[in-house]
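Step one of this worksheet: look at the structure below.
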Amino acid sequence: MLLADLFYPVNPLYLEFSVVLLGLALLVVEAFVPGCSKKALALIGVTGLLLILLATWLPWQPLDPSMASAHFYTWDALALFFKRFMIVMTILTMLMSLPFVPSIERSIPGEKSGSGVGEFFILPIFACASLMWLVSAVNFIMLFVSLECLSIVLYVAITYFRNDSKSLEAGTKYLILSALATGFLVYGIAWIFGTTGTMSINELSKAIAGLPLSSLTPLLFGIGLILVAFCFKIGAVPFQFWLPDVYQGAPTPITAFLSVASKAGGFVILLRLLEQLYTIPLLAKKMSVIVLALAVMTLLFGNLAAMAQSNMKRLLAYSSIAHTGYLLMAVVSIGAPLMGMAIQCYLAAYLLMTSLAFLVLLIVSQKLSNDELYSFQGLHQRSPFLACAMTIAMASLAGLPLTIGFIGKLFVFEVALQQRHYGLVVIGSISVVAGLYYYLKVVRAMYWQQPSEGAYPIVVSKKIGCLIGALAGGIVVLGIYPAPLFFLFK
Amino acid sequence: MQLTLFWIFSLLMILFALGVVSLRSPISCALSLVGSFLALAALFVTLDAFFIGIIQVLVAAGAVMVLFLFIIMLLNLQAEERRPVKLSAMVGAGAIIFCFIKLLAEVIAASPLLSRPIPLLQETATNDIAMIGTTLFRSFNLPFQIIGVLLLVATVGVVLLSRRTLK
């Protein structure tokens, strides 16, 4: 009884703070324990995050509404799912960084070799905490603060290889464009606050409903500015220019994190905002036109531009734009009963397949120290295992049946059909076909082309092999039997 | 009176901000930024937000910008070379800025905020420090904590990125 009293109505804010504490503890250990192995550090971090992931299933209670923090922080099913999502992605990023250690050691200037490796594992933990705050944010201030916290981690992580001009270029581009997007966000928030007088996202529809019709113009202006900022974050056309360069220059595990976690965070906020705006019929009409246009542009641009890419990371960057397009297809259909599930399912699938693709890319490119498509040539002779895993990832990204990517696309198209967006479905189908071309281009390089001169067999260590096997297995098993996935959404 | 001051200081602020973007020498840019911050602080003071105004002068214009100037001088940065201006880029940027300002003007003209009388502030701002303190630590405690994490991460990042090269 006493124990239950102590633990039962637990404040869910402890979740994020335990993530921050884990990061702090690792920082302290890294700094003050001499001769501490970086791998041990990473493993402590992963174990800690796993424990926190398990702790999300504890019976947390929503915050007491009388608490001041309850105005900022919500504890609903959407937030809970995406908190787990972020923790899983952070764990994957950290595990992915382990085979990446030689590259980090090579690229980081330091007085002694190996310095600066520890922080590479610690930074994603802080990014994870800010994303966990972000998906719970129901107030513009909270949104802004957690987004900035995330951005600062990402600036540092992207520029991590300071001696590499590509990483520097990526970091600078991301810094400037992200700061510009933040400027749009804050200006938009100011306009919305000015018209509605509320900072709360949850009470937005109530506040808008009480406004005179003439206030609609400034309100729409504010919403437009915020949309610009979020389109930048999720990489929707026409705000996608930064994406290929940043993805190419950033260290590969960070690229994977950026591509999955940061995008998912943007979508959660977009959903929360649009759900409020769609309750006002006048706004709903305007919003759906805008989101529809964004979805069409993103789908077409991402898929068509990806076809011409010969660099693997850039190809995955354009593919990431294309996937933003599919997700926007689901966002257009707000109001369909399965919409939330479609987005969650798609993002879960996206997490598995993108992580797998980046993990294989990381191992292959590390051996040849370049990430061009031709380094995949004849991979099937050099490492049948990696080639097979990459084929599964590509098949899933393309949305072929028997993979989880197919389930995700099925849901998205189903939701769009329910809301009678037939034109969008046609464009979506065209982009799926275009997608097949460039994903299968990778498969063709691996199986039908001869390895380039000097390419030798790649040996995958057992642990990494297990990780790759688990991801590939997850893609296939959940693709055939997706029921466990739906269990997660409840 | 207040309105006149508002226009004077806003114009000053915009002028200095333009200076930050268009001047070539890094030191003039930084000094223009200081000027812009000072004008902003003056705006806060005309709004009776004395504390924020003073903090703006002390922290943003004083501490941060002085540090900035030191760094610029230490690095001995030369004025940017005058590169030939690309016509297409200028036209594009001009068009975007023109569209944005036009849109903004239309929104402001259409907005009822101008015609609506704005109620005066309820509390007198005599004790605005206490007010800011309670707001920050009570109602806005959670975002405040997150800012703490943000600053920590920024510190770690600066240490990481400024590490000396092994050669």
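As the structure is a prediction and not an experimental result, all values here were calculated from the model. By convention in this document, chain letters (A, B, ...) are assigned in the order of the sequence lines, proteins followed by strands, and residues within each chain are numbered from 1.
- Listed by first then second residue, pairs satisfying side-chain hydrogen bond (donor to acceptor under 3.5 Å, both in side chains) with a partner in residues 144-160 of chain B read B:Asn141-B:Gln145, not counting sequence neighbours.
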Output side-chain donor-acceptor pairs under 3.5 Å for residues 12-19 of chain B, partner residues at least two apart or in another chain, one line each.
none

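- For chain B, the option among A:Tyr155, A:Phe17, A:Trp133 with the highest count of heavy-atom pairs below 4.5 Å is A:Trp133.
- Taking the six-membered ring where tryptophan is involved, the planes of A:Phe184 and B:Phe100 are perpendicular, since the angle between them exceeds 60° and thus also 30°.
- At a 4.5 Å heavy-atom cutoff, A:Leu213 makes no contact with chain B through either its backbone or its side chain.
- In this structure, the portion of A:Tyr187 lying under 4.5 Å from any heavy atom of chain B is its side chain and not its backbone.
- With a 4.5 angstrom heavy-atom cutoff, A:Leu220 does not touch chain B via any of its atoms.
- Here B:Ile146 is the residue among B:Val158, B:Leu151, B:Val149, B:Ile146 with the most heavy-atom pairs under 4.5 Å with chain A.
- Residue contact with chain B, scored on non-hydrogen atoms closer than 4.5 Å, involves the side chain of A:Leu13 exclusively.
- Below 4.5 Å, heavy atoms of chain A meet no heavy atom from residues 86-99 of chain B.
- The contact between B:Phe140 and chain A is made by backbone and side chain atoms together, counting heavy-atom distances below 4.5 Å.
- Of the two parts of A:Leu216, neither the backbone nor the side chain holds a non-hydrogen atom closer than 4.5 Å to a non-hydrogen atom of chain B.
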Q: Would you sort out whether B:Val107 and A:Trp191 count as a side chain to side chain contact (heavy atoms under 4.5 Å, CB included), showing the intermediate values?
A: CA-CA 10 Å; B:Val107 168; A:Trp191 274 95; 3.8 Å; yes
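- Counting heavy atoms from C-beta on, the side chains of B:Val156 and A:Phe126 never come closer than 4.5 Å.
- Counting all heavy atoms, side chain and backbone alike, A:Arg162 lies closest to B:Ser162 at NH2-C, 4.3 Å.
- Applying the side chain to side chain contact (heavy atoms under 4.5 Å, CB included) test between A:Cys149 and each of B:Leu150, B:Ile147, B:Leu152 identifies B:Leu150 as the sole match.
- Of the two parts of A:Val20, only the side chain, counted from C-beta on, holds a non-hydrogen atom closer than 4.5 Å to a non-hydrogen atom of chain B.
- For the atom pair CZ (A:Phe221) and CG (B:Leu103), the distance works out to 5.0 Å, reported to the nearest 0.5 Å.
- Contact detail for B:Ser139 and A:Phe72: the closest heavy-atom pair is O-CE1, 2.9 Å.
- When heavy atoms are compared at a cutoff of 4.5 Å, A:Ile122 does not approach chain B at all.
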Exercise answer: donor-acceptor pairs, residues 136-147 of chain A side-chain atoms, under 3.5 Å, sequence neighbours excluded:
from     : atom 1 : to       : atom 2 : distance (Å)
A:Ser136 : OG     : A:Thr74  : O      : 2.8
A:Ser136 : OG     : A:Lys83  : NZ     : 2.7
A:Asn139 : OD1    : A:Ile141 : N      : 2.8
A:Ser146 : OG     : A:Met142 : O      : 2.7
A:Ser146 : OG     : A:Leu143 : O      : 3.3

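- The structure places CD of A:Glu119 at 4.5 Å from CG of B:Leu160, a figure rounded to the nearest 0.5 Å.
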